[in-house]
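A quick write-up on the structure given underneath.
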Amino acid sequence: MQETYVSGILLAYAAFAIGLFSPGPNIMSIIGTSMANSRPAGKSLALGIATGSFLWGTLTLLGLTSLLAFYASLMTIIKIAGACYLFWLAFKAFRSAGRSKRQELSSISLGNNHWAYYRRGLVIQMTNPKAAFTWIAVISLALDHAAPWWVGLSVIAGTSILSTVGHLTYTYAFSTQTMITAYRKARRWIEGLLGSFFTFAGYKLLTSDV
């Protein structure tokens, strides 16, 4: 049983980490802000987004744990919903891989007030409804109605570290035009691999014991 939970936790980590390789508006804002303003500005924005990710994860875990305490059978519905969202991410990744149009960068300019960049990153993440669906899918990969308390905490702790490191890595690595150009050249292959992984994760979630 312990091995089952460990494998689920590792799969949740993998799904979360892979998601960081699929740049959305948040990531593109970090990259654009780092290039157009400064690396410290991008770093502050990244830390705000990472904090928002931690808060979403914590709220999702508390909500699911409370619901499952009263409705254990609800886990089946949650897992189906999570799997559907993973399949939707796979579809979007495959569709993006099939397109030649590149995703444009967006930048945020707030002067030299790094606290303002941090707040903006936090607000961006906390007002992103997709974050809730992402966290439901991620936590569902590791959690079931009988999961001990350390399973959820392990997911939150590990993904918080991944979120912080991942967003800061974008700030440092992709604040140069050379890295932007290299990513755009490999984007379609990367998106294809992401689609394959999300499909696999959705299948594992649907076929796991609840």
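Since this is a predicted model, take the numbers as computed values, not measurements.
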Smallest separation among heavy atoms of Met126 and Gly52, with atom names: SD-O, 3.5 Å
Thr171 side, atom OG1; Leu45 side, atom CG - distance, nearest 0.5 Å: 7.5 Å
Ile9 to Val155 - nearest heavy-atom pair and separation: CG1-CG2, 4.2 Å
For Tyr118, all residues meeting side chain to side chain donor-acceptor pair (under 3.5 Å), sequence neighbours excluded: Thr51
Chi angles and distances behind the side chain to side chain contact (heavy atoms under 4.5 Å, CB included) call for Thr199, Phe94: CA-CA 10 Å; Thr199 300; Phe94 286 133; 3.7 Å; yes
Separation of Tyr5 OH from Ser154 OG (nearest 0.5 Å): 12.0 Å
Side chain to side chain donor-acceptor pair (under 3.5 Å) partners for Ser44, two or more places apart: none
Those residues that, when tested against Leu10, pass side-chain contact (heavy atoms from CB on, under 4.5 Å) (two or more places apart): Val6, Tyr13
Residues in side chain to side chain donor-acceptor pair (under 3.5 Å) contact with Ser160, at least two apart in sequence or another chain: none
Distance (rounded to the nearest 0.5 Å) between Phe54 CZ and Ser163 OG: 10.5 Å
Linked, directly or transitively: Trp150 and Leu162 (ILVMFWY side chains, under 4.5 Å): yes
Between OG1 on residue Thr159 and CH2 on residue Trp135, distance to nearest 0.5 Å: 3.0 Å
Value rounded to 0.5 Å, distance of OH in Tyr172 from NZ in Lys43: 4.0 Å
Path from Leu59 to Val151 over hydrophobic side-chain contacts below 4.5 Å: yes
Beyond-backbone contact of Leu55 with Leu122, side-chain heavy atoms, under 4.5 angstrom: yes
Ile139 CD1 to Leu61 CG distance, which is reported to the nearest 0.5 Å: 5.0 Å
